[in-house]
Chemist: 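Pasting a structure here, questions to come.
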Amino acid sequence: MNRREFIQRTSLAASALALNPSFAIGKKPRFIIIGAGFSGLAAAYRLYQKNSEFIILEGRNRIGGRVFSHVLDEGENLVVELGAEWVGESHTRLRQLCDEMQLPIENNQMDSHLILANRYYKHGEWDFSEQWKKKFDQLKKGYSTLSAAERNKLDNMDWWRFLNNNGCEGFDLMVHELNDTTDFGETIRQVSALAALNEYALSSEKNEMDYKIKGGNGMLAKKIVEKIGMDKVRLNCTVTKIIQSHAGAEVFCSNGESFKADKIICTMPTFALGKVAWQPALPTEQVDAMHALQYARINKNPLLFSTRFWEAESFDLLTDMPAHYFYHATKNQPSKKGALISYTIGDKADVMGNQSDEERLSLVQLSLQRGFGSIASNFEKQANYNWGSDIFTRGAYAVYKPGQWSTVQKHLRKHFMHTHFAGEHLADWQGFMEGAINTGEAAADAVL
Ligand SMILES: Cc1cc2nc3c(=O)[nH]c(=O)nc-3n(C[C@H](O)[C@H](O)[C@H](O)COP(=O)(O)OP(=O)(O)OC[C@H]3O[C@@H](n4cnc5c(N)ncnc54)[C@H](O)[C@@H]3O)c2cc1C
């Protein structure tokens, strides 16, 4: 069973993405897309291909949203990702778009090292127990045959409890807790077991951490905008009010501008959605769902070093130390210099995000000490982006808590008058660029 079938079977079919009555013959409808992230840009590209009239309103001063490529070293042209990093093997639509735009994708798989309980294990020196590997495989294989009642039961349990109830203990459980928490962006004690099993059962072997777009993932946003035309994108246009009536919709921005349209595609994350004055107001169940949904706190701290002291090109490292997870962020980018990203989640993200550069570096040093000794003499500079403080998302991506996967999302997906919703949080591939693209295209199909 793939994700789309899964969603259908869990009765999320009454979604916002259902088809709409078409417009009056002879009239060319106007569309407003709110947000120039991957969902908004995918919607725009679809509308562009259908020769439709549209404009994108974007609150930031840049395109790409949570895809945010950053040049860490201009001289060496070393590009790191402050937002989304990995393109998955199963992310077929994103990869098709890359092909279409002639954007090469490069292998970005990692081989994991581990620092746990004060001991450093290189890649190949650690593994899950044979017993647990066998059991976990069985659980993943059994996923597609779960009954509706069993899925419902799982949705009401957290992933840590599920693992533990199925015999995952000791070293196995500690590594799962570190690793899976990195995936979901908050502790797995707060993640729906159904959402997690869905993720692991349907993902590629490396859990969709497979590729990256050459030159940075932001290249796809750039290429789409080159196709549709930058004149279609209004930056620094934060939407503050949306008025809808039988005649259509009017959208007001913080810079005083307003725009009229027949239909709106709204790709705002729920935090931003809640800041908009809707007239008439959004339905109560949609507002309640919006308030119930939390976003993962992730802090990304790229660190530039004069040499790649970690040596392995495909290096990543899970730790039980404050900096949590590191990966080689300049893989495939030739230079003597290189960057590691310290990737922290949940409370650890808040700790890292709130420090000065100097304090952050000392936490990084403390976290790497057991494996690499002193790294200070190699260090050149750092950047930092704390998604928990981002004014539009207050987080990295949606986290479905126990009980929410089959209850909350269906309310958020419903269209409201002339407005159709899209974005990562509504996707079958939730939490991924692929999901953002899928929902953006589906919303464009629905309004056309
Ligand atoms: C740290 C991190 C790591 C990630 N890792 C991966 C990964 O490895 N692989 C992967 O596939 N995905 C990853 N993701 C998820 C991926 O980035 C998102 O799923 C995807 O980019 C979301 O796209 P979107 O269009 O739904 O939302 P966004 O990119 O957030 O786009 C929405 C846009 O709306 C704009 N907006 C919001 N409010 C308003 C307003 N009021 N007025 C006007 N504009 C507004 C925002 O500025 C934004 O540009 C990661 C995300 C983060 C943050």
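Model, not experiment: these values are computed from the prediction. Both counts, for ligands and for their atoms, begin at 1 and track the order of listing.
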Chemist: Under 4.0 Å, heavy atoms only, figure out whether ligand 1 is touched by the backbone of Lys300, its side chain, both or neither.
Modeler: side chain
Chemist: Among side-chain atoms of Gln279 and Gln244, is any donor-acceptor pair under 3.5 angstrom?
Modeler: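 On atom types as modelled, these side chains do not qualify, holding no pair under 3.5 Å.
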Chemist: If you measure every N or O of Ile298 against every N or O of ligand 1, does any of those distances drop under 3.5 Å?
Modeler: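 No; every N/O pair is 3.5 Å or more apart.
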Chemist: Name the closest protein heavy atom to atom 8 (O) of ligand 1, giving the residue it belongs to and the distance to 0.1 Å.
Modeler: Trp86 N, 2.8 Å
Chemist: Taking N or O atoms only and a 3.5 Å limit, does Met433 qualify as a polar contact for ligand 1?
Modeler: yes
Chemist: Cation over ring, Lys232 on Phe54, under 6.0 Å and within 45°?
Modeler: yes
Chemist: Would you kindly specify which portion of Leu57 sits under 4.0 Å from ligand 1, judged on non-hydrogen atoms: side chain, backbone, both or neither?
Modeler: backbone
Chemist: Which residue and atom name correspond to the protein heavy atom nearest atom 34 (O) of ligand 1, and how close is it?
Modeler: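 So the nearest neighbour among protein heavy atoms is Gly35 CA, 3.2 Å.
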Chemist: Is a salt bridge present between Glu177 and Arg189, judged by a nitrogen-to-oxygen distance below 4.0 Å?
Modeler: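 Arg189 and Glu177: salt-bridged.
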Chemist: Between Asp316 and Ser112, is there a side-chain donor-acceptor contact under 3.5 Å, judged purely by atom types and distance?
Modeler: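 Yes - a donor-acceptor pair under 3.5 Å links their side chains.
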Chemist: What part of Ala422, side chain from CB on, backbone N/CA/C/O, both or neither, has a heavy atom under 4.0 Å from ligand 1?
Modeler: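 For Ala422, there is no contact with ligand 1 at all, from either part.
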Chemist: Closer than 4.0 Å to some heavy atom of Gly423 - which atoms of ligand 1 meet that?
Modeler: 26 (O)
Chemist: Using the ring pair (Phe, Tyr, Trp, His ring centres under 6.0 Å) rule, take His70 and Tyr385 through it: C-alpha gap first, then chi angles, then the decisive distance, then the call.
Modeler: CA-CA 11 Å; His70 171 74; Tyr385 201 90; 9.7 Å; no
Chemist: Against heavy atoms of Gly65, which atoms of ligand 1 measure under 4.0 Å?
Modeler: 29 (O), 48 (C), 49 (O)
Chemist: Rounded to the nearest 0.5 Å, what separation is found between the CG atom of Leu340 and the CZ atom of Phe309?
Modeler: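 The CZ atom of Phe309 is 5.0 Å from CG of Leu340, to the nearest 0.5 Å.
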Chemist: For the residue pair Phe315 and His113, is the inter-centroid distance of their aromatic rings smaller than 6.0 Å?
Modeler: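 Yes.
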Chemist: Does any N or O of ligand 1 fall below 3.5 Å from an N or O anywhere on Ser39, backbone included?
Modeler: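 Among all N and O atoms of Ser39, at least one is under 3.5 Å from an N or O of ligand 1.
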Chemist: Which ligand 1 atoms does Glu85 reach within 4.0 Å, using its non-hydrogen atoms?
Modeler: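 Listed by number with element: 5 (N), 6 (C), 7 (C), 8 (O).
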Chemist: Determine the interplanar angle of the Trp86 and Tyr325 rings, folded into 0 to 90°, and report it as parallel if under 30°, tilted if 30 to 60°, perpendicular if over 60°.
Modeler: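 If you compare the ring of Trp86 with that of Tyr325, the planes turn out tilted.
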Chemist: List every atom of ligand 1 that sits less than 4.0 Å from any heavy atom of Tyr343, numbering the atoms from 1 in the order shown and giving each element.
Modeler: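 Counting atoms of ligand 1 from 1, those under 4.0 Å from Tyr343 are 3 (C).
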Chemist: Identify the protein heavy atom lying closest to atom 5 (N) of ligand 1, giving its residue, its atom name and the separation to 0.1 Å.
Modeler: Ala84 CA, 3.4 Å
Chemist: Below 4.0 angstrom from a heavy atom of Val67, which ligand 1 atoms are there? Numbered from 1 as shown, please.
Modeler: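 Near Val67, the atoms of ligand 1 are 21 (O).
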Chemist: Can you confirm, on distance only, whether ligand 1 has an N/O atom lying under 3.5 Å from any N/O atom belonging to Phe38?
Modeler: yes
Chemist: Going by the atom numbers of ligand 1, which of them fall below 4.0 Å from some non-hydrogen atom of Ala272?
Modeler: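 Within the 4.0 Å cut-off of Ala272, ligand 1 contributes 37 (C), 38 (N).
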Chemist: In the protein, which heavy atom is nearest to atom 48 (C) of ligand 1, and how far is it?
Modeler: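 Atom 48 (C) of ligand 1 sits closest to the protein heavy atom Glu58 OE1, 3.5 Å.
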Chemist: So, is the end of the Arg394 side chain (NZ or CZ) under 6.0 Å from the ring centre of Tyr295 and within 45° of the ring's axis?
Modeler: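 Pair Arg394/Tyr295 does not count as cation-pi.
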Chemist: To the nearest 0.5 Å, what is the distance between CD1 (Ile32) and SG (Cys266)?
Modeler: 11.0 Å
Chemist: Would you mind telling me if ligand 1 is within reach of the side chain of Phe432, the backbone, both or neither, using heavy atoms under 4.0 Å?
Modeler: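 It is both backbone and side chain that touch ligand 1.
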Chemist: Give me the residue, atom name and distance of the protein heavy atom closest to atom 3 (C) of ligand 1.
Modeler: Gly83 O, 3.6 Å
Chemist: Under the 3.5 angstrom rule, does the side chain of Gln382 hit a backbone N or O of Asn301 as a donor-acceptor pair?
Modeler: no
Chemist: How far is atom 15 (C) of ligand 1 from its nearest protein heavy atom, and which residue and atom is that?
Modeler: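 Looking at atom 15 (C) of ligand 1, the protein heavy atom closest to it is Gly431 O, 3.2 Å.
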Chemist: Tell me, which protein residue and heavy-atom name are nearest atom 51 (C) of ligand 1, and how many Å apart are they?
Modeler: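 It is Tyr397 CD2, 3.7 Å.
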Chemist: Tell me, which protein residue and heavy-atom name are nearest atom 44 (N) of ligand 1, and how many Å apart are they?
Modeler: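 That would be Gly59 N, 3.0 Å.
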Chemist: Are Phe432 and His91, when compared by the centres of their aromatic rings, separated by less than 6.0 Å?
Modeler: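 Yes, the ring centres sit under 6.0 Å apart.
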Chemist: Side-chain polar contacts of residues 326-334 - donor-acceptor pairs under 3.5 angstrom, sequence neighbours left out - could you list them?
Modeler:
| unit_1 | atom_1 | unit_2 | atom_2 | d |
| --- | --- | --- | --- | --- |
| Tyr327 | OH | Glu85 | OE1 | 2.4 |
| Tyr327 | OH | Lys300 | NZ | 2.9 |
| His328 | ND1 | Glu313 | O | 2.7 |
| His328 | NE2 | Thr330 | OG1 | 2.9 |
| His328 | NE2 | Lys331 | N | 3.4 |
| Thr330 | OG1 | Ala339 | N | 2.9 |
| Lys331 | NZ | Asn107 | OD1 | 2.9 |
| Lys331 | NZ | Gln109 | O | 2.8 |
| Lys331 | NZ | Ser314 | OG | 2.9 |
| Asn332 | ND2 | Asn107 | O | 2.8 |
| Gln333 | OE1 | Val79 | N | 2.8 |
| Gln333 | NE2 | Val79 | O | 2.8 |

Chemist: Set out, in order, the CA-CA distance, both residues' side-chain angles and the distance that settles ring pair (Phe, Tyr, Trp, His ring centres under 6.0 Å) for Trp126 and Tyr121, then state yes or no.
Modeler: CA-CA 6 Å; Trp126 70 275; Tyr121 306 80; 7.6 Å; no
Chemist: Taking atom types as modelled and ignoring hydrogens, do the side chains of Ser204 and Glu89 form a donor-acceptor contact shorter than 3.5 angstrom?
Modeler: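 Per modelled atom types, Ser204 and Glu89 side chains form no pair under 3.5 Å.
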Chemist: Considering Asn236, Ile341, Thr267, which one's heavy-atom position lies nearest to atom 32 (C) of ligand 1?
Modeler: Thr267
Chemist: If you count the atoms of ligand 1 from 1 in the order shown, which ones are under 4.0 Å from a heavy atom of Gly37?
Modeler: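 Selected atoms, number and element: 25 (O), 29 (O), 31 (O), 33 (C), 49 (O).
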Chemist: Please confirm whether Arg66 comes within less than 3.5 Å of ligand 1 when only nitrogen or oxygen atoms on both sides are compared.
Modeler: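 Yes.
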Chemist: Please report whether ligand 1 has a polar contact with Glu424, defined as an N or O pair separated by less than 3.5 Å (distance criterion only).
Modeler: yes
Chemist: Under 4.0 Å from a heavy atom of Cys237: which atoms of ligand 1 are those, numbered in the order shown and with their elements?
Modeler: 42 (N), 43 (C)
Chemist: If you measure only the distance, is there a donor-acceptor pair under 3.5 Å linking the side chains of Asp183 and Asn207?
Modeler: yes
